[in-house]
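Read through the structure below, which is laid out as structure tokens, and then see the notes.
Chain identifiers are assigned alphabetically (A, B, ...) following the order of the sequence lines, protein sequences preceding nucleic acid strands; residue numbering begins at 1 within each chain.
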Amino acid sequence: METKPHRWGMVIDLDRCTGCEACVAACHAENNLPLSSPTEAAKGRATHWIRIDRYYEGQFPEVRVRYMPVLCQHCDDAPCEPVCPVYATYQNPEGLNVQVYNRCVGTRYCGNNCPYSVRFFNWFDPQFPEPLRLQHNPDVSIRGVGVMEKCTFCIQRIQRGKRDAKDENQPVADGAIQPACVQSCPAEAMVFGDLNDPESKVARLAESGRASRLLEDLGTKPKVIYLQRAT
Amino acid sequence: MDALRRDLYRPLQGVSRRYLLAVTIAGLVAAWGLVCWGYQIHKGIGVVGKTRPTMWAFYILNFVFWIGISHAGTLISAILRLTHAGWRKPVTRVAEAITVFALMIGGLFPLIHLGRPWIFYYLIPYPNERLLWPNFRSPLVWDLTAIFTYLTGSVIYLYLPLIPDLAQLAQHTTGLRRRLYGYLALGWTGSDREWHALERAMKLMAGIILAVAVSVHTVVAWDFAMAVAPMWHSTIFGPYFVAGAIFSGIAALLLAMAIIRKAMHLEAYLQPRHFDNLSKLLLLMSIVWLYFTAAENLTVWYGNEPDEMVVFGERTRGRFAPEFWTMIACNFVIPFVLLGIRKLRSIKTATISAVGVLIGMWLERYLIVIPTLSYPRLPAAWGTYSPTWVEISIATATFAAMTLLYLIFAKLFPIIAIWEYKHVSDG
């Protein structure tokens, strides 16, 4: 079967992104993200594993908005990993930066050291008013008070995709695994796949002349690649 | 009993109304802090003002502040001991006690800060069947190790010179106290061999504690400097923090001495020349601190790196400018004027400067922790922070706890090392 381990990555085409936030909504539903009250959200405590950053260009009335979906970049050299005193966050063999909720004691050091500010803390036990409890995704655990959480690249979908492929004695087909954000993107701006497979769509797009990585000069080696025409 | 012993034993006897009042107030405030901590654990750490991106805030800055205060004792008393500075003798125990208590309080803050304090022991390398270890690459594990070492060392360092006094005290007291002192004196008889062993042990501990104290605050600085956050990732942070710690430590020592002098009527022992010498040390550290602060800020400003300049701008000209310039005034202008001009230098101005420096150094910790976290690299994540009543209560309670511990210590043990004092006045 497979010889090389997977190395999951994502390409986001910013020239396609319309900023519709469908990915944000899909992520909330898929990953049982805790709800936030207006007061808590105003404090900056709302949890969005993926968010749309807006950049404004030009002077009024000639303003252009650029959208940039920002999620955990699953860095190869993730600054969040070495600082965790209890190994609650580490790089798994498939290149995912994973968070072990049961191990996390809540020092929040990883959150400080993430240059992308994509780590979210559970300040309280999560509240899910009725009937939201009924739509929980059974494949994703609910995080309790005091632990850090962040984008997992929908690891539950990755696991299912690998299981299904194994059942059929096939390698994981390119495009068979889609995180919720990728699946929901109406503009098809997001592509997910195995960067170690040179034939995969994500690997080919990553070689594009439009490709760049966010805060590349920090040397974090992100596995999220942005495509954007140079302007 | 000679006059010296009579004077120095007097504070140990009886309980005045003023003392009781002070203990009660300090105890109540400290207890309120415990109640708040319980509330925070029950409700969740969200009752504090921390947000994303300011995930560290009040507790961490108070932690750094208290660890800084703890440098009063060990460093100062160890340096003075190793350099045979005769005037140190009435000062050392006051200082060493500050160290132990400030460390106990400072060490609590990271615990209070945790999201799930009930599993704090995950940070300790204890044997377990799942073979899980803490991550030794994390500065927080270095921190835990350093503080634990420092606390152990300072307790020993406080205890060693107490032994001869305890043996003496055991002879002059009765009942429970006699048993306590006798037990703690470890059968000290005062033979030549014992004195030699004590001198050797104290000298050794002074050397060890110096190295440990420097490393502790360096490691505390590295909690910040190891992160890639703007204006934290600085090579100068280790020595900068150590200098700041000694600076605030001397201020704490001066303040404590001024209070003890008044409250215990020890004017004859804590003399103006002790204050004068410590004032000069404070003045020196004020200049060293200014040098470090200038070096740190000038290089950032000149380098003009955009992410750092955001933080720099907010600190010096923006939202945090009032705190920044107050810090400069408290840490440099006030001590430089009051202690730099010889005519103005007195116990009173030394005390005022000490209070100023304590405020200034607290603000310095605030300015290190909050602005950097408020302005991370991606502007979309910028945020604000203001403490809630829970954080303020707990921080206030720690000052009360410090007072309480000190009050109890001063009632149980002579605050001036009697045998050392005799030694110096004899010789």
Side-chain angles (χ1 to χ4, degrees), chain A residues 36-37 40-48 51-55 68 70 77 79-90 100-126 143-148 214-215 217-220, chain B residues 41-57 60 110-111 113-124 132-144 223-224 226-230 232-233 307 369 372-374 376-386:
Chain A
S36 191
S37 68
E40 286 295 293
K43 282 187 199 163
R45 286 179 176 175
T47 304
H48 308 293
R51 65 169 193 261
I52 311 282
D53 284 0
R54 297 187 196 91
Y55 293 90
M68 182 178 225
V70 179
D77 281 339
C80 55
E81 286 168 10
V83 297
C84 176
V86 293
Y87 282 119
T89 184
Y90 77 104
V100 187
Y101 306 127
N102 284 341
R103 189 74 184 147
C104 179
V105 299
T107 68
R108 308 189 281 287
Y109 202 165
C110 55
N112 285 348
N113 212 20
C114 173
Y116 309 98
S117 307
V118 291
R119 291 182 150 266
F120 297 87
F121 192 67
N122 285 280
W123 301 99
F124 296 106
D125 255 328
R143 286 77 58 186
V145 64
V147 302
M148 207 44 114
L214 189 54
L215 298 179
D217 50 340
L218 290 177
T220 51
Chain B
I41 292 172
H42 176 71
K43 278 279 196 183
I45 187 82
V47 296
V48 301
K50 281 175 263 230
T51 60
R52 191 183 64 94
T54 43
M55 302 222 186
W56 287 4
I60 294 297
L111 269 187
H113 162 90
L114 285 186
R116 303 204 288 174
W118 50 92
I119 47 170
F120 76 95
Y121 58 86
Y122 282 10
L123 269 79
I124 300 167
L132 285 167
W133 279 82
N135 180 2
F136 289 107
R137 295 176 305 165
S138 170
L140 293 184
V141 173
W142 312 344
D143 217 19
L144 183 85
D223 285 348
F224 304 100
M226 293 297 171
V228 288
W232 273 9
H233 198 53
D307 295 333
V369 177
T372 289
L373 290 180
S374 300
R377 285 174 200 271
L378 296 181
W382 285 359
T384 54
Y385 164 80
S386 56

Max heavy-atom pair count under 4.5 Å with chain B, selected residue of [options]:
| options | result |
| --- | --- |
| P82(A), G106(A), P85(A) | P85(A) |
| N102(A), T220(A), N122(A) | N102(A) |
| K43(A), E40(A), R54(A) | K43(A) |
| D53(A), N112(A), V83(A) | N112(A) |
| F120(A), Y55(A), Y109(A), F124(A) | Y109(A) |

ask   = Side chain, backbone, both or neither: which part of Y90(A) has a non-hydrogen atom closer than 4.5 Å to chain B?
value = neither

inquiry  = Please classify the contact between R103(A) and chain B as side chain, backbone, both or neither, with a heavy-atom cut-off of under 4.5 Å.
reply    = both

key: With sequence neighbours excluded, residues passing salt bridge (charged side-chain N to carboxylate O under 4.0 Å, His left out) with R377(B)   = D307(B)

Is there a side-chain contact between [X] and [Y], using heavy atoms and a 4.5 Å cut-off?
| X | Y | result |
| --- | --- | --- |
| L214(A) | L378(B) | yes |
| L114(B) | T107(A) | yes |
| R52(B) | T47(A) | no |

task = Starting at CG of N113(A), measure out to SG of C84(A) and round the result to the nearest 0.5 Å.
result = 11.5 Å

message = Within this structure, what is the OG-CH2 distance for the pair S117(A) and W382(B), rounded to the nearest 0.5 Å?
response = 11.5 Å

ask   = Does C110(A) have any side-chain contact (heavy atoms from CB on, under 4.5 Å) partners at least two apart in sequence or in another chain, and if so, which?
value = C80(A), R119(A), M148(A)

Answer with side chain, backbone, both or neither: which region of [X] has an atom nearer than 4.5 Å to a non-hydrogen atom of chain A?
| X | answer |
| --- | --- |
| F224(B) | backbone |
| W142(B) | neither |
| L373(B) | side chain |

Find the one option among [options] whose heavy-atom pairs under 4.5 Å with chain A are most numerous.
| options | value |
| --- | --- |
| A381(B), P134(B), P117(B), P379(B) | P134(B) |
| V141(B), I119(B), L144(B) | I119(B) |
| M226(B), K43(B), K50(B), H233(B) | K50(B) |

inquiry  = Looking at every heavy atom in both P115(A) and L215(A), which two are closest together, and how far apart are they?
reply    = O-CD1, 3.7 Å

task = Return the orientation label for the W123(A) and F121(A) ring planes: parallel under 30°, perpendicular over 60°, tilted otherwise.
result = perpendicular

